[in-house]
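Take a look at the structure below.
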Amino acid sequence: MKKVEAYIRAERLEAVKKALEKVGVTGMTVCEARGRGEESGIELEYRGKKVRVDLLPRIKVEIFVEDDIVERVVKAIIEAAYTGKPGDGRIFVLPVVEAYKIRTKEKLGK
Ligand SMILES: Nc1ncnc2c1ncn2[C@@H]1O[C@H](COP(=O)(O)OP(=O)(O)OP(=O)(O)O)[C@@H](O)[C@H]1O
Ligand SMILES: [Mg+2]
């Protein structure tokens, strides 16, 4: 099992959710976050002055999936979150040691 963590633009969330449904993923956790990438934020002009906005609002999507669909999940997120402009986001894939479903007490994963 893997954890897929995607940092995306808020306005791409609906598209990402739809794309994930298409590859059979329904379970997810979504967090409102603030972050920055390689550019350390952006520079905006406010009342004639340049202001650096360091941490921008982002959405973090957390999904735990079986190894055999990780590639499809990553592809789906990339396609749905892409605009081509800086700030489109990042995706991280992490190994998962163990997972359980509380109601049935079952251990998850192949
Ligand atoms: N190294 C990192 N660690 C944790 N979060 C990160 C990291 N890099 C980016 N992020 C998250 O991803 C969001 C979007 O990053 P962003 O798309 O600007 O990355 P980038 O590498 O600068 O790419 P681009 O050149 O397209 O802007 C950030 O606001 C932050 O939430
Ligand atoms: Mg960036």
Side-chain angles (χ1 to χ4, degrees):
M1 192 173 257
K2 296 278 192 295
K3 180 183 190 186
V4 179
E5 257 184 49
Y7 299 80
I8 60 166
R9 299 179 192 276
E11 61 269 29
R12 302 310 299 169
L13 177 60
E14 282 309 309
V16 167
K17 264 164 54 187
K18 272 192 197 131
L20 287 170
E21 259 168 47
K22 275 194 191 156
V23 294
V25 172
T26 51
M28 67 182 71
T29 301
V30 174
C31 312
E32 285 176 12
R34 293 197 305 145
R36 62 189 211 182
E38 280 176 357
E39 308 82 9
S40 305
I42 52 167
E43 232 167 46
L44 296 175
E45 197 144 311
Y46 181 72
R47 295 189 170 168
K49 277 185 192 159
K50 284 207 171 129
V51 185
R52 175 152 283 279
V53 183
D54 186 19
L55 294 165
L56 295 165
R58 291 284 162 205
I59 294 288
K60 177 168 82 162
V61 187
E62 299 181 340
I63 315 152
F64 293 86
V65 291
E66 296 299 343
D67 289 15
D68 55 1
I69 70 156
V70 170
E71 216 180 301
R72 268 177 285 162
V73 165
V74 169
K75 242 187 209 164
I77 298 171
I78 289 176
E79 269 162 34
Y82 179 88
T83 71
K85 297 192 193 92
D88 272 354
R90 285 200 185 191
I91 301 171
F92 301 94
V93 179
L94 297 80
V96 173
V97 179
E98 280 175 26
Y100 298 89
K101 176 160 170 150
I102 294 172
R103 178 174 57 84
T104 55
K105 300 176 182 154
E106 73 191 290
K107 189 172 182 173
L108 304 171
K110 281 168 193 159

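Only this structure's heavy atoms are used, side chains among them; waters, hydrogens and symmetry mates stay out. The model shown is predicted, which means the values in this text are computed figures rather than measured ones. In listed order, ligands and their atoms are each counted from 1.
- Closest to atom 12 (O) of ligand 1, if we only count protein heavy atoms, is Tyr7 CB, 3.3 Å.
- Here the heavy atom of the protein found nearest to atom 22 (O) of ligand 1 is Glu38 N, 2.7 Å.
- Polar contact check, Arg90 against ligand 1: a nitrogen or oxygen pair lies under 3.5 Å apart.
- Of the polar atoms of Leu56, none of the N or O atoms is found under 3.5 Å from an N or O of ligand 1, judged by distance alone.
- The line from CG of Leu55 to CZ of Arg36 is 6.5 Å long, rounded to the nearest 0.5 Å.
- The one candidate from Ile77, Val4, Leu13, Thr29 that meets the side-chain contact (heavy atoms from CB on, under 4.5 Å) condition with Val61 is Leu13.
- Of the inter-residue distances, the one linking Arg58 atom CZ with Lys60 atom NZ reads 14.5 Å to the nearest 0.5 angstrom.
- Of the protein's non-hydrogen atoms, Gly89 N, 2.7 Å is the one closest to atom 17 (O) of ligand 1.
- Below 4.0 Å from some heavy atom of Gly87 lie the following atoms of ligand 1, by number and element: 16 (P), 17 (O), 18 (O), 24 (P), 26 (O), 27 (O).
- Under a 4.0 Å N-O distance rule, the pair Lys18/Glu21 does not qualify as a salt bridge.
- Here Arg36 has backbone heavy atoms under 4.0 Å from ligand 1, and that is the only part of it that gets that close.
- Looking only at protein heavy atoms, the nearest one to atom 25 (O) of ligand 1 is Glu39 OE2, 3.2 Å.
- In this structure, CG in Leu108 is found 5.0 Å from CE in Met1, a value given to the nearest 0.5 Å.
- Heavy-atom distances between Ala33 and ligand 1 stay at or above 4.0 Å for every pair.
- Put simply, the residue from Ile8, Val30, Ile59, Ile78 that forms a side-chain contact (heavy atoms from CB on, under 4.5 Å) with Val16 is Ile8.
- Taking every heavy atom of Asp88 and a limit of under 4.0 angstrom, the matching atoms of ligand 1 come to 17 (O).
- Here Glu43 contributes atom CD and Asp54 contributes atom CG; the two are 11.5 Å apart, rounded to the nearest 0.5 Å.
- Taking all atoms of both residues into account, the shortest heavy-atom contact from Val96 to Lys3 is CG2-N, 3.4 Å.
- For atom 3 (N) of ligand 1, the closest non-hydrogen atom of the protein is Phe92 CZ, 4.1 Å.
- Considering backbone and side-chain atoms together, Gly35 places an N or O closer than 3.5 Å to an N or O of ligand 1.
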